[in-house]
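Model, not experiment: these values are computed from the prediction.
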Amino acid sequence: MPGTVRKSPECPWLTMLSAVDGRTKKMDEEMFRELEGIAMTEQDILEALEEWQNLSVDPENRYAYEMRLKWLLDQLSNIRGSREEGRQEGLKEGREEGKNETIRKMVEKGMSITDVAHILDMTEEEVRERLGD
């Protein structure tokens, strides 16, 4: 029929998976009503909805789900923390390399190690170490 949009067989499943926001634990009522309408005509979806409801009501399954979700969120937090640590380490190394380059250029321009140390608020020994003396 021209002008009619045919829904793919995956549409009810995608709607079902999208109906609940896992973070806020709230269900999209409009999606749920649409699923109920689909379920009245499609036995598989009705059975899946019933099974889904049974699984989420069972305290053991709920606990297992929440523990899995907690583990996944912990993993995400660890990854984010590692990335931030790596970023901070990279910035620190970049600053150190920049400082070393500055020291080298200052000495090449004829500044004394004493003056470089004074300007950069370092000891003369630290300046010499960075120059590799």
- prompt: What's the verdict on side chain to side chain contact (heavy atoms under 4.5 Å, CB included) for L131 and V116, showing C-alpha distance, side-chain angles and the deciding distance?
  reply: CA-CA 11 Å; L131 287 171; V116 171; over 6 Å; no
How long is the gap from [atom1] on [X] to [atom2] on [Y], to the nearest 0.5 Å?
| X | Y | atom1 | atom2 | value |
| --- | --- | --- | --- | --- |
| D74 | I79 | CG | CD1 | 11.0 Å |
| Q88 | E84 | CD | CD | 4.5 Å |
| L120 | K99 | CG | NZ | 6.0 Å |
| I103 | R128 | CD1 | CZ | 12.0 Å |

- request: Answer yes or no: is there a donor N or O on one side and an acceptor on the other, between the side chain of S82 and the main chain of N78, under 3.5 Å?
  value: yes
Sidechain N-carboxylate O distance under 4.0 Å for [X], [Y]:
| X | Y | result |
| --- | --- | --- |
| K92 | E89 | no |
| E108 | K105 | no |
| R130 | E126 | no |

